[in-house]
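See below for the structure under consideration.
The model shown is predicted, which means the values in this text are computed figures rather than measured ones. Each chain gets a letter, A, B and so on, in the order its sequence line appears, and its residues count up from 1. Side chains are part of it too, since the values below use all heavy atoms of this structure and drop only hydrogens, waters and symmetry mates.
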Amino acid sequence: MIKQPELLATLNQAQQDAVIAAEPRLLVLAGAGSGKTRVLVHRIALLLQQQCHPHEILAVTFTNKAAHEMRQRIETLTGVSTRPLWIGTFHGLAFRFLRHHHEAARLPEGFQIIDADDQLRLIKQVIKALSLDEKRWPPKQAQNYINHQKDEGLRPQHIQTLSLIEDTWLRVYSYYEEQCQRTGLVDFAELLLRSHELWLHRPDILAQYQQRFRHILVDEFQDTNTVQYAWLKMLCHPQCSLTLVGDDDQSVYGWRGAKVENIQNFNQHFEHTRVIRLEQNYRSTSTILKAANAVIDKNQGRLGKTLWTDQGDGEAIQVFCGFNETEEARFIASTLRSQLSKGASPADFALLYRSNAQSRVLEEALIREQIPYRIYGGLRFFERAEIKTALAYLRLSINRNDDSSFQRIINTPPRGIGAKTLESLADSAHQQQRSLWQALGDALEQQALKGRALGALQAFYDHINQLDTHIYPLTLSKKLEHIIENSGLLGLYQLEGEVGQGRIDNLRELVSACEQFEEVDEDIDATAQFLDHVSLEMGERGSQTDGPVVNLMTMHAAKGLEFPVVFLTGFEEGLFPSHNAKESPSQLEEERRLCYVGITRARKQLYITRADSRRLYGSENHNPPSRFLKEIPPSLIVNRQETLSISRPSLYSASTSRNNSTSPASDTLFALGQGITHPKFGEGVILNYEGQGANTRVQVNFKRAGSKWLVLQYARLEAL
DNA sequence: ACGTGAATCCTTTTT
DNA sequence: GGATTCACGT
């Protein structure tokens with residue numbers, strides 16, 4: 001085991017202070033790139049080295065990725081196994097508590113977790129069952145309402161309704177909750193709320209854990225919501241040492257219920273707290289940090305923190321404004337191209353945007369330049385329809401009362417059971433307070449439904465029972481294999497051509513994921529554990545690619561990551577900050593924090609781009625530059641706007657890059673959006689271009705003659 | 001019950 | 001612009 005001096009040797013003074021601080025209440029304000037995880041990992045390593053038993057430590061994160069990373073780094077640092085340590089996400093830990101004490105928490109033994117998608121489906125059913133109009137009462141809004149209440153720790157009986165509208169949402173919430181309780185389903189927010197309530201009602205169980213955990217450490221504390229905060233506060237015994245690590249300036253999930261106030265008002269809730277600031281940044285150049293500091297400085301009520309570095313200034317921030325979003329994308333792609341040709345790796349670059357809708361144009365430009373890329377964010381593996389369907393068969397075979405799975409597979413593949421049949425089934429299920437499966441059994445026994453539907457239902461009923469008997473003795477992966485081949489899923493997707501083939505490939509991947517899962521523990525039945533694992537860890541986003549690729553993602557998704565070169569795109573009012581955020585100052589501040597997160601992702605070089613005119617949702621908009629752009633000191637910026645031009649090939653060799661500043665003075669340079677005249681067509685504006693060198697063609701919108709494509713070399717265009 | 005043209009809706013999404 | 005839901009027709 002390594003000695004303390006050795007453990008601390010690689011840390012700066014503030015980091016060392018944070019690692020060895022003996023105060024029972026410690027808040028580490030860790031700026032972007034200041035070694036936050038390092039401190040957490042070293043602090044735990046030090047605890048392990050001292051008197052502390054591994055099982056007395058609880059470390060809480062928000063993502064599985066962060067939890068895994070922490071485990072790994074502790075093991076690398078100490079050489080000790082982290083198995084006895086409780087390190088996990090809020091949700092994962094809450095789940096663990098609930099499984100252990102399911103009875104005290106009033107949950108059935110095999111309760112299942114539903115994801116946001118299943119939740120929405122369930123809510124749709126509820127709205128239908130209450131005979132509400134989906135137009136007037138959008139399920140999405142109901143979902144937001146329910147999750148928001150749960151994030152705030154509120155059950156239907158705690159809510160005082162002030163309006164008829166709220167009253168209706170409350171009815172939906174109540175009905176939804178009943179439905180979940182009856183069918184043994186638990187959504188994400190419920191995990192936390194339920195385990196918090198478990199402790200409220202069972203102080204004996206709480207005391208058990210309070211005594212056990214002598215050291216609680218929380219990562220990304222600025223992202224905690226009301227329930228998570230209350231949960232932590234209850235779990236934390238007065239004699240427990242509590243270490244909170246976070247950055248109020250990087251709180252960007254307020255819209256999901258996270259409360260910046262939790263970190264901002266920390267001193268008022270926990271007395272005698274020592275606050276340590278980590279302000280030395282090891283990631284970025286001083287230019288990038290100055291920009292980030294200047295922007296975030298405009299926010300009110302910050303705990304306050306100024307990042308600095310002993311690195312040099314580095315490159316200036318390059319700002320580019322395109323004529324439209326296509327030119328913005330082309331600028332990025334051609335900049336990438338030239339940097340790649342100088343030997344940079346695609347993986348060194350990240351293209352960040354405020355909303356996913358912006359990715360398409362960027363993608364198209366990258367494809368034109370044949371630059372490999374990967375988009376983060378889309379559907380994750382376990383969220384794919386075919387995966388969820390296959391797993392629903394498995395779930396239903398374990399728990400027949402899982403209505404969510406029942407509905408997913410009752411008519412997939414199509415077996416002649418339509419909406420009407422299902423509706424009457426749901427009606428009788430609700431009347432008798434039973435699950436759909438039970439209602440189905442009743443209906444078959446009593447021959448209660450009409451002839452044609454009855455046959456199909458009987459077939460389904462028998463099919464599931466047969467499937468279950470058959471797969472019962474099999475291993476997890478064999479179970480799934482059998483389900484895929486015998487439930488008709490394979491046949492269904494084989495009929496779907498190319499798309500179906502992709503689905504079949506995904507199902508194969510699922511089976512191999514099961515095989516890997518089995519290897520970990522061969523003795524126990526892995527099925528139930530696998531389903532839990534799937535629900536809590538949705539797997540990596542996107543597909544694995546071969547070779548290095550440029551990274552495209554939202555600024556939210558980029559939090560916690562870093563890249564040598566970062567492009568922040570779409571810096572326009574209405575886009576970033578989003579037009580939705582302009583009403584309230586607090587939302588605007590959150591947008592500004594997001595900007596701060598974006599800027600601080602860059603290590604060496606930062607580009608910020610925007611477009612004068614942008615086509616979004618079908619219509620064209622002229623957006624002024626983002627206010628955040630003006631908040632960056634001009635001295636840090638180099639403007640690239642005028643350097644991107646189209647050259648006339650006859651005067652300009654085809655191989656010359658467009659931004660070559662050594663071109664002869666006789667060259668005629670054109671820019672998108674520029675006014676020109678043509679001997680025949682008169683005045684016009686350049687809208688677009690394609691090709692290069694002698695093949696360059698430009699699209700000009702002429703006042704009189706309308707829009708035309710012209711070969712630049714021959715068209716006698718004159719600048720206006 | 002299921003497939004096809006129109007209406008409709010748009011932030012961000014760790015679990 | 002475009003995916004996704006819908007209402008209608010068969």
Can you tell me whether the base of dT12(B) sits syn or anti, using the 90° cut around 0 to define syn?
anti
Of the candidates dT13(B), dC2(B), dT11(B), the side chain of N411(A) sits closest to dC2(B)
Has R380(A) got a side-chain N or O lying under 4.0 Å from the OP1 or OP2 atom of dT13(B)?
no
Are any non-hydrogen side-chain atoms of I74(A) and I87(A) less than 4.5 angstrom apart?
yes
Just to verify, which of E328(A), E573(A), E327(A), E325(A) counts as forming a salt bridge (charged side-chain N to carboxylate O under 4.0 Å, His left out) with R614(A)?
E328(A)
Phosphate contact (dT13(B) OP1 or OP2) by N356(A) side-chain N/O below 4.0 Å:
yes
When you measure from the side-chain N and O atoms of T63(A) to the phosphate of dT15(B), is any distance below 4.0 Å, counting only OP1 and OP2?
no
Can N299(A) and R592(A) be counted as having a side-chain donor-acceptor contact under 3.5 angstrom?
yes
With side-chain contact (heavy atoms from CB on, under 4.5 Å) as the criterion, how do R627(A) and E591(A) come out once you've worked through the C-alpha distance, each side chain's angles and the decisive distance to 0.1 Å?
CA-CA 11 Å; R627(A) 67 193 69 189; E591(A) 296 279 305; over 6 Å; no
Before you tell me yes or no, could you show the steps for Y145(A) and Y176(A) under side-chain contact (heavy atoms from CB on, under 4.5 Å), namely the whole-Å CA-CA distance, both residues' side-chain angles and the distance that decides it to 0.1 Å?
CA-CA 12 Å; Y145(A) 177 85; Y176(A) 167 78; over 6 Å; no
Start and end of chain A contact along DNA chain C [non-hydrogen atoms, under 4.0 Å]:
dG1(C) to dA7(C)
Contacting residues from residues 123-147 of chain A, given that a heavy atom lies under 4.0 angstrom of DNA chain C:
E134(A), K135(A)
Does dT12(B) have OP1 or OP2 under 4.0 Å away from a side-chain N or O of N580(A)?
no
Report yes or no: is the ring centroid of W255(A) under 5.5 Å from the six-membered base ring centroid of dT11(B), with the two planes under 30 degrees?
no
